[in-house]
Amino acid sequence: MTTEILRPGASINLQAHRTTCVVERRLGEGGQGEVYEVVTGAAGDLRRHALKWYFPAWATRSQWDSLQELIRLDPPSKQFLWPEDIAVSEAGGFGYLMPLRGPEFKGLVELMHQSITPSFRALATAAYQLADGFHRLHSIGLCYRDISFGNVFLDEATGNVLICDNDNVGIDGEAAAGVLGTTGFMAPEVVRGEALPTSTTDLYSLSVLLFLLFMVSHPLLGRRETGGQITDPHADKQLYGDQPVFIWDPADDTNRPDPDVHRNAIVYWGLYPKALRDLFTQAFTAGLRDPQNGRVRETQWRDLALDLRDVIHYCPGCGNENFWDRADPAGTRCWRCGTTIAPPPRLVTRRGVVLLNHDTKLYPHHIGETRRDFARPLAEVVRHPSRPGVTGLRNLDANRHWRADTGAGSSFAVPPGRSCTLAAGTTVDFGPVQAVIEV
């Protein structure tokens with residue numbers, strides 16, 4: 001039976017805001033404490049937050065000092081449920097106030113159980129946000145120390161993510177031994193007791209998290225786990241620290257997935273483009289052996305996630321999402337129904353390839369800008385109003401005219417609100433960058 005530390009209706013003091021919050025209900029429990037929904041403000045202007053309240057063993061002076069340092073900082077990105085204030089009780093103990101996550105966000109544990117089934121586009125979006133968020137965190141000299149699926153929540157409809165338990169965050173290179181990570185996510189050198197968490201070990205944990213996100217399976221759990229090859233009572237240390245072997249290591253097949261246990265690893269591995277498989281192979285071969293030079297950087301994952309969003313197309317038979325692979329560009333056989341899929345028209349820029357599906361939208365990074373902003377598209381694929389089967393690319397950028405050249409002596413302006421036809425060989429000059437349409 002669970003005993004609540006804080007009772008509904010209890011008033012808790014907020015240090016920085018010099019006000020109080022009122023406990024409404026208990027939301028859950030973790031290894032360090034309990035989380036509650038609380039309200040602040042007066043009638044007519046009530047605001048809801050989450051409050052993490054520490055168990056006595058975790059309510060230490062060092063934890064208090066760490067929270068104070070984090071509260072002084074802005075969150076690295078909107079994905080982080082960042083500490084906002086320290087909460088104290090007259091009865092003793094403390095915790096911290098943070099934003100309350102919406103009901104649309106589900107734990108990644110539910111993805112592992114396949115009780116939520118996000119689309120490939122949502123998964124790619126989630127991967128982008130995770131990689132970008134941790135890149136921003138590391139860029140300000142911090143490390144997370146405990147990246148795992150227990151600390152990430154996903155909106156399966158959009159791919160938006162939230163990262164919680166940010167009280168684990170510390171200064172890179174100064175992490176204390178109190179937080180080492182979660183079994184299966186810790187870097188091998190941490191498992192072996194040779195290192196404490198840093199941004200470098202975060203890179204390994206991020207790769208494990210992304211593998212689980214895409215493959216719904218662990219990168220190091222194969223036949224060595226199920227076939228009795230690892231029989232030591234300290235099996236976790238061997239599997240994750242002393243003798244880690246990637247299940248798809250091209251030079252070592254001793255730990256291939258067991259088809260009776262690791263079916264997800266077998267099915268999903270073949271669905272993704274070679275570029276994603278290559279990064280995972282690097283992360284769990286060179287990245288296992290050479291932490292400083294072999295690990296995949298957050299920016300590499302971020303760019304790859306954007307590429308994945310751009311090469312999704314749809315099966316004409318069942319409508320299912322599939323990936324077009326530039327390493328095998330001729331065509332794709334739908335992984336669900338087996339229909340052969342001819343790729344749609346493609347927009348080719350110096351950055352990469354964008355498949356122009358009926359619902360494709362272009363964003364600033366597609367047309368040469370450095371910002372990555374999915375809030376407002378700058379172009380979209382549209383159907384011709386009177387010519388069935390003819391599609392075009394409409395300019396949604398109110399501040400920029402394009403220029404299109406058909407390659408047959410016809411060049412014309414494309415002002416905001418107008419479109420150019422998706423015809424083979426047409427060049428579109430967006431201003432910062434030029435693109436060619438392939439069919």
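This is a predicted model, so every value here is computed, not measured.
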Worksheet item: Centres of the Phe120 and His313 rings: under 6.0 Å?
Response: no
Discussion item. Given 3.5 Å as the limit, does a donor-acceptor pair link the side chain of Asn264 with the main chain of Ser217, or not?
Written reply: no
Item to complete: Kindly state whether the ring of His49 and the ring of Tyr96 have centres lying under 6.0 angstrom apart.
Response: no
Discussion item. Looking only at the side chains, is there a donor atom on one of Asn13 and Thr20 sitting less than 3.5 Å from an acceptor on the other?
Written reply: no
Fill in: Asp303/Arg351 salt bridge by N-O under 4.0 Å criterion
no
Worksheet entry | CD1 on Ile163 to CD on Gln79, rounded to 0.5 Å | 6.5 Å
Worksheet item: At their closest point, which heavy atom of Val311 faces which heavy atom of Val353, and how far apart are they?
Response: CG1-O, 4.1 Å
Worksheet item: Has the side chain of Arg277 got a donor or acceptor atom that lies under 3.5 Å from a matching backbone atom of Trp248?
Response: no
Worksheet item: Is Arg26 close enough and on-axis enough to Tyr36, meaning under 6.0 Å and within 45°, for cation-pi?
Response: no
Worksheet item: Pro188 and Leu288: which non-hydrogen atoms are nearest, and at how many Å?
Response: CG-CD2, 3.7 Å
Worksheet item: Salt bridge between Glu369 and Arg400, side-chain N to carboxylate O under 4.0 Å?
Response: yes
Discussion item. Looking at Arg48 and Glu24, is there a salt bridge between them, counting it only when a charged N and a carboxylate O are closer than 4.0 Å?
Written reply: yes
Item to complete: May I ask you to decide whether Lys237 forms a salt bridge with Asp242, counting only side-chain N to carboxylate O separations under 4.0 Å?
Response: yes
Fill in: Ring center gap for His358 and Tyr314 short of 6.0 angstrom
yes
Discussion item. Quick check against the 3.5 Å criterion: does Asp146 have a side-chain atom that pairs as donor or acceptor with the backbone of Thr182?
Written reply: yes
Worksheet item: Counting heavy atoms not belonging to Arg263, are there more than 12 under 6.0 Å from its CZ?
Response: no
Practice prompt. Measure the CG-CZ distance between Leu100 and Arg47 for me, rounded to the nearest 0.5 Å.
Written response: 14.0 Å
Item to complete: Indicate yes or no for a side-chain donor-acceptor contact from Asp249 to the backbone of Thr285 under 3.5 Å, with no hydrogens or angles considered.
Response: no
Worksheet item: Hey, what do you get for CG (Asp167) to CH2 (Trp58), rounding to the nearest 0.5 Å?
Response: 9.0 Å
Discussion item. How long is the straight-line distance from OH of Tyr268 back to NE2 of His262, given to the nearest 0.5 Å?
Written reply: 15.0 Å
Fill in: Side-chain donor/acceptor of Ser205 to backbone N/O of Phe185, under 3.5 Å
yes
Discussion item. Taking Arg372 first and then Asp132, would you say they form a salt bridge - that is, a charged N and a carboxylate O separated by under 4.0 Å?
Written reply: no
Worksheet entry | Phe105 side chain near Asn160 side chain, heavy-atom distance below 4.5 Å | yes
Discussion item. Looking at Asn357 and Thr360, would you say the former's side chain and the latter's main chain have a donor-acceptor pair under 3.5 Å?
Written reply: no
Discussion item. Please report whether the ring centroid of Phe246 lies less than 6.0 Å from that of Phe280.
Written reply: no
Worksheet item: Could you walk me through whether Arg295 and Glu189 pass the salt bridge (charged side-chain N to carboxylate O under 4.0 Å, His left out) check?
Response: CA-CA 13 Å; Arg295 291 198 172 144; Glu189 63 270 25; 2.8 Å; yes
Discussion item. Can you tell me how far apart CH2 (Trp301) and NE2 (His135) are? Round to the nearest 0.5 Å.
Written reply: 16.0 Å
